[in-house]
Amino acid sequence: MSSIPVTTRVRPPSVINEQIRALMLRSAGRLTAAQRAEYEALVEEWATAVSSGEPEAA
């Protein structure tokens with residue numbers, strides 16, 4: 001096992017938000033179970049990015 005710490009890269013909230021918007025557009029607002037799981041994961045990722053103070057993408 002390696003002793004090198006693994007760092008998780010946090011994507012900018014604006015990038016994640018764009019993915020959320022695209023998902024909602026593709027689904028016309030009606031999410032399947034798989035899409036809902038993807039949506040929930042994206043929202044959690046977005047919240048983490050916002051709370052970490054990650055700067056917005058240029």
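Only a predicted model underlies this, so the values are computations on that prediction, with no experimental measurement involved. Position 1 is the first residue of the sequence, and the numbers go up from there.
Distance CD/Glu40 to CG/Leu31: 9.0 Å, rounded to 0.5 Å. Here the CZ atom belonging to Arg36 is positioned 10.0 Å from the CG atom belonging to Leu23, to the nearest 0.5 angstrom. If you take CD1 on Ile16 and CZ on Arg21, they are separated by 13.5 Å, rounding to the nearest 0.5 Å.
Between Tyr39 and Met24, the closest side-chain pair of non-hydrogen atoms falls below 4.5 Å.
With 3.5 Å as the limit, one finds no donor-acceptor pair spanning the side chains of Arg30 and Gln35.
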